[in-house]
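To keep things clear, I will list the structure first and then write my remarks on it.
Worth saying up front: this structure is predicted, and the values here are computed from it rather than measured.
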Amino acid sequence: MAPPRYRGAINNGFELCISLGILFANVLNYCVVKITAGWGWRISLSMAAVPAAFLTIGAVFLPETPSFIIERDADADKARILLQRLRGTTSVQKELDDLVAASNLSRTVQYPFRNIFKRKYRPQLVIALLVPFFNQLTGINVMNFYAPVMFRTIGLKESASLLSSVVNRLCATFANIIAMIVVDRFGRRKLFLVGGVQMILSQLAVGAILAAEFKDYGSMDKEYAYLVLITMCVFVAGFAWSWGPLTFLVPTEICPLEIRSAGQSIVVAVVFLMTFVIGQTFLAVLCRIKSGTFFFFAGWICLMTVFVYFFLPETKKLPMEQMEQVWRKHWFWKKIVGEEEETKQAEKTALPSM
């Protein structure tokens, strides 16, 4: 529904809302930690019903998208009216024509999950798999799940560790807002690369501090504990204006309508799978290799930053219906997409002679 020039900022609102939700949860945990008789955790857990209620009520008032109206009802007039209301102008014919053309093409595709494995969709499939995979190997969910445990481990008390989680999430929320402001100005690649370098340096710094200062008896000097906190705030901020919001933005906008549902489903499935793996293994890994855990994450961030530099093209302000042009111009993907088109052209040329 978002216009191309604001698509990045609006889509990044998704990550901002996630950060706000985690922030509110951390504040709530800090407020109820001293409530006795087992009521603290009950209050914390039951309050999850509040955002669920907002989601349920909000869904009643949520409009359909123009592309879905064309796809389901084939009603271009109804889609035009909605598009005019969304864009605030009557000059929407070109965008409507693109949506209709994309819808007509998507109707020829009966099995989007089968089609996304075709050679011409190879760039979309690779990015839909690797971007969410790399997202989780930054170590961000370590902070989301275990930040209080980590801060207690390095010597902060229980209330201080919970407050540190709040500070950490405040940094992420401000970084999300910055991402919304700059993503359509500087583009996706620059945010990916700058955020990647920021996270690499942060993870290396945390690993080095823990390796040098973490004592055998399970604590460290308070000054170094707060230095770890500051460094982790820098790490979370780097994630929050790059890999956090862009993990859901980029795969969505590169997938054409006929495979968009399959592409986005793959993204969400990989995120949840890797979240489960990281959540179940992190504490055991931390106990075994200790500071080496952060060097492990830094290595993965190096790899994914290199992947972005070489294989992810810029997609800012480009209408999603015209995204296929990006692959034809890319130094690597044009070889794959171009070979597919050359094969089709050769088959068409050979048909009359047969």
Side-chain angles (χ1 to χ4, degrees), residues 1-22 123-141 143-144 169 171-200 202-203 234-256 260 263-272 274-275 278 297 300-320 323 326-327 330 333:
M1 295 174 70
R5 64 183 181 277
Y6 301 129
R7 185 173 62 235
I10 293 173
N11 195 289
N12 284 4
F14 172 74
E15 183 71 16
L16 174 62
C17 291
I18 289 178
S19 284
L20 287 171
I22 298 172
Q124 291 91 336
L125 176 62
V126 170
I127 291 171
L129 284 168
L130 289 186
V131 167
F133 176 79
F134 286 142
N135 172 287
Q136 292 302 299
L137 286 172
T138 60
I140 188 60
N141 271 335
M143 295 304 303
N144 291 340
R169 187 44 54 177
C171 293
T173 303
F174 284 121
N176 286 143
I177 296 172
I178 292 172
M180 293 179 68
I181 296 171
V182 303
V183 66
D184 290 310
R185 181 180 304 174
F186 298 126
R188 286 72 165 130
R189 276 174 53 85
K190 286 183 180 178
L191 290 186
F192 267 130
L193 296 173
V194 172
V197 172
Q198 184 174 336
M199 289 190 292
I200 291 168
S202 300
Q203 292 282 30
V234 174
F235 165 78
V236 169
F239 178 86
W241 64 44
S242 60
W243 281 85
L246 297 180
T247 292
F248 295 95
L249 170 62
V250 171
T252 301
E253 62 185 5
I254 65 170
C255 288
R260 193 169 297 157
Q264 196 64 4
S265 298
I266 290 171
V267 170
V268 175
V270 173
V271 165
F272 277 115
M274 292 305 298
T275 299
I278 295 294
F297 286 131
W300 277 106
I301 301 171
C302 286
L303 179 62
M304 64 202 228
T305 303
V306 171
F307 171 80
V308 167
Y309 183 82
F310 286 106
F311 299 107
L312 185 67
E314 183 54 68
T315 57
K316 70 173 182 178
K317 298 183 180 180
L318 186 65
M320 290 194 287
M323 201 62 68
V326 171
W327 312 115
H330 189 267
W333 297 119

Minimum side-chain heavy-atom gap V131-V270 below 4.5 Å = no
So with a 6.0 Å cut-off around CZ of F174, is the heavy-atom count from everything else above 12?
-> no
Is there a donor-acceptor pair under 3.5 Å between the side chain of W241 and the backbone N or O of L191?
-> no
Is there a side-chain contact (heavy atoms from CB on, under 4.5 Å) between L137 and F133 once you walk through the steps?
-> CA-CA 7 Å; L137 286 172; F133 176 79; 3.4 Å; yes
W243 and M199, any side-chain heavy atoms less than 4.5 Å apart | yes
E253/R188 salt bridge by N-O under 4.0 Å criterion | yes
Distance from T252 atom OG1 to R260 atom CZ, nearest 0.5 Å?
-> 8.0 Å
Nearest heavy-atom approach of N11 to P245 is OD1-O, 4.3 Å
Side chain R189, main chain V308, donor-acceptor under 3.5 Å = yes
Could you go step by step and tell me if I254 and W327 meet the side-chain contact (heavy atoms from CB on, under 4.5 Å) rule?
-> CA-CA 10 Å; I254 65 170; W327 312 115; 3.7 Å; yes
dist Q264:CD -> F248:CZ (nearest 0.5 Å) comes out at 7.5 Å
Spacing of CD1 belonging to I266 relative to CD belonging to Q124, to within rounding of 0.5 Å | 10.5 Å
Give a yes or no on whether the backbone of P123 and the side-chain of H330 come within a donor-acceptor separation of less than 3.5 Å.
-> no
Parallel, tilted or perpendicular, as decided by the 30° and 60° cut-offs, for the rings of F134 and W300 = tilted
State whether the side chain of D184 and the backbone N or O of A9 hold a donor-acceptor pair below 3.5 Å, judged by distance alone.
-> yes
Are T247 and F239 close enough that some pair of their side-chain heavy atoms sits under 4.5 Å apart?
-> no
Is there a side-chain contact between S242 and Q198 (heavy atoms, below 4.5 Å)?
-> no
Donor on one side chain, acceptor on other, S19 and R169, under 3.5 Å = yes
Determine yes or no for a side-chain-to-main-chain donor-acceptor pair under 3.5 angstrom, with Q136 supplying the side chain and N141 the backbone.
-> no
Correct closest heavy-atom pair for A240 and A172 would be CB-O, 3.3 Å
What do the steps show when you test I200 against F297 for side-chain contact (heavy atoms from CB on, under 4.5 Å), and what is the final call?
-> CA-CA 8 Å; I200 291 168; F297 286 131; over 6 Å; no
Separation between CH2 (W333) and CG (L312), nearest 0.5 Å, reads 9.5 Å
What's the spacing between I140 CD1 and T275 OG1 if we round to 0.5 Å?
-> 11.0 Å
Expected output: side-chain Q203 to main-chain T138 donor-acceptor under 3.5 Å = yes
Neighbour count >12 (heavy atoms, 6.0 Å) for atom NZ, K190 = no
Do V183 and L249 come close enough that some side-chain heavy atom pair is under 4.5 Å?
-> yes
Shortest non-hydrogen pair, G263 vs C255, comes out as CA-SG, 4.1 Å
Heavy-atom nearest pair, V271 first then P132, reads CG2-CB, 3.5 Å
Between OG1 of T315 and CD1 of I127, what distance do you get to the nearest 0.5 Å?
-> 9.0 Å
Smallest heavy-atom separation, L246 atom then P251 atom, equals O-CD, 3.7 Å
Does a side-chain heavy-atom distance below 4.5 Å link T173 with I22?
-> no
Atom of R185, atom of K316 and distance for their closest heavy-atom approach = O-NZ, 3.0 Å
Validation row: I18, F14 side chains within 4.5 angstrom (heavy atoms) | yes
